[in-house]
K.L.:
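What follows is a structure written as C-alpha cells; I'll ask about it next.
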Amino acid sequence: REVANLIFLPGFSTAAAVTNISGRGVGMDVVKTSVEKIGGTVDLQPRLGQGTTLRIRIPLTLAIIPALIVVTDGDRYAIPQVNLLELVRLEGEQARTAVEQIHDTKVYRLRGNLLPLVDLRHELGLGTRPEGEDEVMNIVVLQAEDRQFGLVVEGVTDTEEIVVKPLGRQLKGIPTFAGATIMGDGRLALILDVLGLAQRA
C-alpha cells in the first residue's frame with residue numbers, strides 16, 4: 001500500500017525512460033493536494049489480481065451531520081460521528097495508572113491493543129490540565145483513515161445533529177478544524193478535523 005502511494009509524490013512518472021520532461025505534467029500529487037486543501041482525503045488500496053480501489057472523501061459544507069459534543073477548557077467542540085468508535089471513561093486509581101508512556105507518547109491499553117492518546121487541551125495550546133482533574137479521564141476513541149487514536153477531553157455532553165458551516169478564508173488553513181456550527185443556545189462550537197488533528201499530533 002505504501003509503495004502504491006508513491007504515485008502521489010511530485011515528479012513521479014510512469015515513463016519507461018526518465019527525461020527532462022517526464023513527471024512534469026499534472027500528476028496525482030496535484031489531485032491529493034487539492035483534495036486535502038478542502039479537508040478531504042485520497043486513499044489507494046491495491047489488491048494483487050483483483051484491482052485497485054481509489055477512495056476520495058470530500059467533506060460536505062452546510063450539511064447536517066450527527067456529532068458528539070465534547071468540552072475542553074470550558075469551550076464546546078463537535079466531533080463528527082462518522083469518525084467516532086467508542087467512549088472510554090477512567091476514574092480514580094485507574095485514571096492515574098492506566099496510561100503508559102512509550103517513546104514520549106502516552107498510550108492506553110484498550111482490550112490488549114495500544115491506543116495512542118492525544119490531549120485536546122495540549123493540541124489547542126491551552127496548557128496543562130488543572131489540579132484535581134487527574135481523578136477522571138474521558139477518552140474519545142477515533143478513526144483517522146486506517147489508524148485509531150484516543151482523544152482526551154475534559155467532558156462529553158451529548159450527541160446532536162449540527163449544521164456544518166465552513167470557516168472563513170483566514171481560518172481555512174488550520175488543519176485542526178473542519179468547520180463551525182451554531183449551537184441551540186446561540187454559542188459557536190468549532191468542528192474538529194479528526195484527520196488533521198491526528199496528523200498534527
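Starting from 1, each residue takes its place in the sequence as its number.
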K.L.:
For the pair T72 (side chain) and V153 (backbone), establish whether a donor and an acceptor sit closer than 3.5 Å, ignoring hydrogens and angles.
P.N.:
no

K.L.:
If the threshold is 4.0 Å, N to carboxylate O, is there a salt bridge linking R76 and D185?
P.N.:
yes

K.L.:
Report the distance from atom CD1 of I79 to atom CG of D193, rounding to the nearest 0.5 Å.
P.N.:
11.5 Å

K.L.:
Quick one: pull up CG in L151 and CZ in R121 and give me the separation to the nearest 0.5 Å.
P.N.:
13.0 Å

K.L.:
Would you say R55's side chain and L44's backbone share a donor-acceptor pair under 3.5 angstrom?
P.N.:
no

K.L.:
Looking at L188 and A180, what are the two nearest heavy atoms and their distance?
P.N.:
CD1-CB, 3.9 Å

K.L.:
Where do T41 and V35 come nearest, in terms of heavy atoms and distance?
P.N.:
N-CG1, 3.6 Å

K.L.:
Say you draw a straight line from CG of L190 to OH of Y77; how long is it, rounded to the nearest 0.5 Å?
P.N.:
6.5 Å

K.L.:
Out of I64, T181, I191, which residue meets the side chain to side chain contact (heavy atoms under 4.5 Å, CB included) rule with V164?
P.N.:
I191

K.L.:
Taking only Lys NZ, Arg NE, NH1 and NH2, and the carboxylate oxygens of Asp or Glu, determine whether E86 and R111 approach each other closer than 4.0 Å.
P.N.:
yes

K.L.:
Got a second to check how far L87's CG is from I139's CD1, nearest 0.5 Å?
P.N.:
10.5 Å

K.L.:
Using 4.0 Å as the upper bound for N to carboxylate O, is an ion pair formed by R89 and E91?
P.N.:
yes

K.L.:
Got a second to check how far R109's CZ is from E100's CD, nearest 0.5 Å?
P.N.:
4.5 Å

K.L.:
If you take all heavy atoms of L115 and G150, which pair is closest and at what distance?
P.N.:
CG-N, 3.7 Å

K.L.:
What are the two closest non-hydrogen atoms of G74 and E154, and how far apart are they?
P.N.:
N-OE1, 4.4 Å

